[in-house]
Each structure stands twice: as structure tokens, then as C-alpha cells.
Colleague: 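I have a structure here, written as C-alpha cells, and I will follow up with some questions on it.
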Amino acid sequence: MKAESVLVLIKPDGMQKAIAGEVISQFLNSDLKLTGMKLVQVSLKLAQSHYGHLRGKFFFKEIVSYLMGDLHGKNPVVAMVFTGTDAVAKARRMAGATNPEEADPRSVRGKFGRVTTKGVFENLVHVSSDITEARREIALWFKKEETI
Ligand code: TYD
């Protein structure tokens with residue numbers, strides 16, 4: 001099978017909780033290869049473009065603020081690209097379900113995520129939803145020469 005790439009973000013709550021190392025370990029401890037990695041202080045423009053397809057949702061404003069670190073001490077995001085066979089499905093399995101309460105307890109979101117009293121899913125990581133989204137997101141977050 002052909003290798004594919006996926007964007008994985010450790011969101012500002014992951015940085016604030018000082019668990020980036022554990023999250024990165026969990027993703028590295030798979031057969032996927034790390035092919036891009038950097039720290040990003042997320043701008044309004046980048047956050048809005050990243051979640052562009054969710055613009056109409058009631059939680060859009062909240063997740064844009066969340067990605068910018070407004071809810072978590074203005075912490076940055078660790079942006080990574082992982083590459084390998086079935087990378088999107090494998091990375092999404094390691095991340096767990098969108099709602100941390102429904103996520104496999106051994107997944108990143110199951111272990112470390114929470115739902116706030118306002119109902120926002122603080123789920124620590126973002127993983128591209130499919131190959132098309134992965135291509136769009138990787139081009140948005142990384143210049144070509146920043147990935148190997
Ligand atoms: P989405 O892209 O649907 O999920 P995923 O990140 O698993 O691909 O949603 C984007 C983010 O929006 C998600 O990480 C958490 C947040 N969110 C909520 O806060 N409430 C919701 O009801 C949903 C569906 C998402």
C-alpha cells in the first residue's frame with residue numbers, strides 16, 4: 001500500500017499540561033515516521049483557515065480561540081507530520097474519539113482530554129480527518145522544505 005501523510009497537532013492544552021513528550025512518544029511508538037515538526041504560535045488567520053470547514057458550527061469561535069492558546073495561557077502548538085501506510089486511520093486511532101469522554105481510555109484523548117463545564121472538548125490533539133484534508137492541512141502548516 002502507498003504511504004500517506006497526516007497532520008498531527010498537540011494543541012495548547014497539551015503544552016500547558018506539560019505532556020507533549022508523552023503524546024509525541026505515543027505517536028512515535030507506532031510504525032509511522034515523523035517527517036515534519038515545529039512549534040507554532042497560532043495566529044487568528046491560521047486558526048480560522050485550519051477550521052474553515054467548521055465555520056458555520058456553534059463551537060467555531062471557541063475552537064479558534066482554543067487553537068490560538070487563548071484558553072490555555074497563550075501556549076503554542078506542536079505541529080507534526082507523520083508518514084506511513086494508513087497514516088490517517090492509525091493516527092486517528094491513537095488520538096481517540098473527538099469527545100474525550102467517548103475516547104478509548106488508552107488513546108491520547110481518553111488519557112488526557114476533558115470536556116469543560118461549557119461543553120468544549122479539550123481533546124489535546126488534532127489529527128486530519130482524511131487524506132484530502134491531510135494534504136490541505138499539511139500545505140497550510142508547513143512549507144515544502146520543512147518536511148522530509
Ligand atoms: P472535528 O473536526 O469534528 O473533530 P476531530 O478533531 O476529531 O476531527 O472538530 C474539531 C474540533 O472541534 C474538535 O477537536 C473539538 C471541537 N468540537 C467541539 O468542541 N464540540 C463538538 O461538538 C464537536 C463536534 C467538535
Side-chain angles (χ1 to χ4, degrees), residues 3-32 34-142 147:
E4 63 190 37
S5 292
V6 61
L7 181 81
V8 176
L9 304 176
I10 301 176
K11 299 195 270 191
D13 48 334
M15 296 303 286
Q16 193 183 47
K17 287 175 170 168
I19 51 169
E22 281 155 272
V23 176
I24 294 165
S25 282
Q26 190 149 342
F27 280 91
L28 285 175
N29 196 17
S30 70
D31 64 351
L32 301 180
L34 181 63
T35 54
M37 188 178 196
K38 66 177 175 181
L39 201 58
V40 183
Q41 189 74 62
V42 179
S43 66
L44 177 65
K45 190 168 167 243
L46 177 57
Q48 287 181 336
S49 307
H50 177 76
Y51 284 130
H53 57 296
L54 297 175
R55 204 172 267 277
K57 302 280 185 193
F58 69 91
F59 51 82
F60 179 73
K61 234 181 119 193
E62 205 78 43
I63 59 175
V64 165
S65 299
Y66 171 16
L67 198 60
M68 291 172 70
D70 291 350
L71 313 179
H72 302 97
K74 269 287 170 195
N75 268 284
V77 159
V78 178
M80 296 175 283
V81 180
F82 283 90
T83 304
T85 306
D86 282 334
V88 173
K90 284 176 184 165
R92 286 188 72 83
R93 216 172 301 127
M94 288 187 273
T98 305
N99 181 344
E101 286 181 356
E102 290 167 4
D104 183 315
R106 287 158 301 180
S107 66
V108 171
R109 289 165 166 176
K111 271 185 195 162
F112 305 116
R114 67 167 189 150
V115 181
T116 69
T117 50
K118 283 186 186 159
V120 179
F121 300 164
E122 291 190 352
N123 57 12
L124 290 134
V125 286
H126 166 81
V127 177
S128 314
S129 55
D130 55 43
I131 302 183
T132 310
E133 262 301 290
R135 287 201 190 106
R136 182 190 76 82
E137 291 174 358
I138 291 167
L140 179 68
W141 286 81
F142 286 87
T147 56

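Note that ligands are numbered from 1 as they come in the structure, with each ligand's atoms numbered from 1 the same way. Computed from heavy atoms alone, side chains included, the values below leave out hydrogens, waters and symmetry copies.
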Colleague: List every atom of ligand 1 that sits less than 4.0 Å from any heavy atom of L54, numbering the atoms from 1 in the order shown and giving each element.
Modeller: 2 (O), 9 (O), 10 (C)

Colleague: Can you tell which of L124, I63, T98 gets a heavy atom nearest to atom 4 (O) of ligand 1?
Modeller: T98

Colleague: Using a 4.0 Å heavy-atom cut-off, say whether R109 meets ligand 1 through its side chain, its backbone, both or neither.
Modeller: side chain

Colleague: Pick one of side chain, backbone, both or neither for how K57 approaches ligand 1, counting any non-hydrogen atom pair under 4.0 Å.
Modeller: neither

Colleague: Where do V125 and R109 come nearest, in terms of heavy atoms and distance?
Modeller: O-NH2, 2.8 Å

Colleague: If the plane angle is over 60° it's perpendicular, under 30° parallel, otherwise tilted; pick one for Y66 and H72.
Modeller: tilted

Colleague: Taking all non-hydrogen atoms of both residues into account, name the closest pair between M68 and P12 and its distance.
Modeller: C-CG, 4.5 Å

Colleague: Main chain of V120, side chain of R114: is a donor-acceptor contact present, judged purely on distance under 3.5 Å?
Modeller: no

Colleague: For the residue pair E133 and S128, what are the closest heavy atoms and their distance?
Modeller: C-CB, 4.3 Å

Colleague: With heavy atoms of N123 as the reference, note each atom of ligand 1 found under 4.0 Å away.
Modeller: 13 (C), 14 (O), 15 (C)

Colleague: Below 4.0 Å from ligand 1: does a non-hydrogen atom of E62 turn up there or not?
Modeller: no

Colleague: In ligand 1, which numbered atoms sit nearer than 4.0 Å to a non-hydrogen atom of R92?
Modeller: 7 (O), 8 (O)

Colleague: Does any N or O in the side chain of D13 come within less than 3.5 Å of the main-chain N or O of L124, such that one atom is a donor and the other an acceptor?
Modeller: yes

Colleague: How far is atom 19 (O) of ligand 1 from the closest protein heavy atom, and which atom is that?
Modeller: F121 N, 3.4 Å

Colleague: Hey, is Y66 one of the residues with a heavy atom under 4.0 angstrom from ligand 1?
Modeller: no

Colleague: Which of these passes side chain to side chain contact (heavy atoms under 4.5 Å, CB included) with V8: M37, M80, E137?
Modeller: M80

Colleague: Could you name the option among F59, F58, F60, Y51 that has the heavy atom nearest to atom 25 (C) of ligand 1?
Modeller: F59

Colleague: Taking D104 first and then R93, would you say they form a salt bridge - that is, a charged N and a carboxylate O separated by under 4.0 Å?
Modeller: no

Colleague: Check whether any N or O atom of K11, backbone or side chain, sits under 3.5 Å from an N or O atom of ligand 1, and answer yes or no.
Modeller: yes

Colleague: Quick one: does H53 get an N or O within less than 3.5 Å of an N or O on ligand 1?
Modeller: no

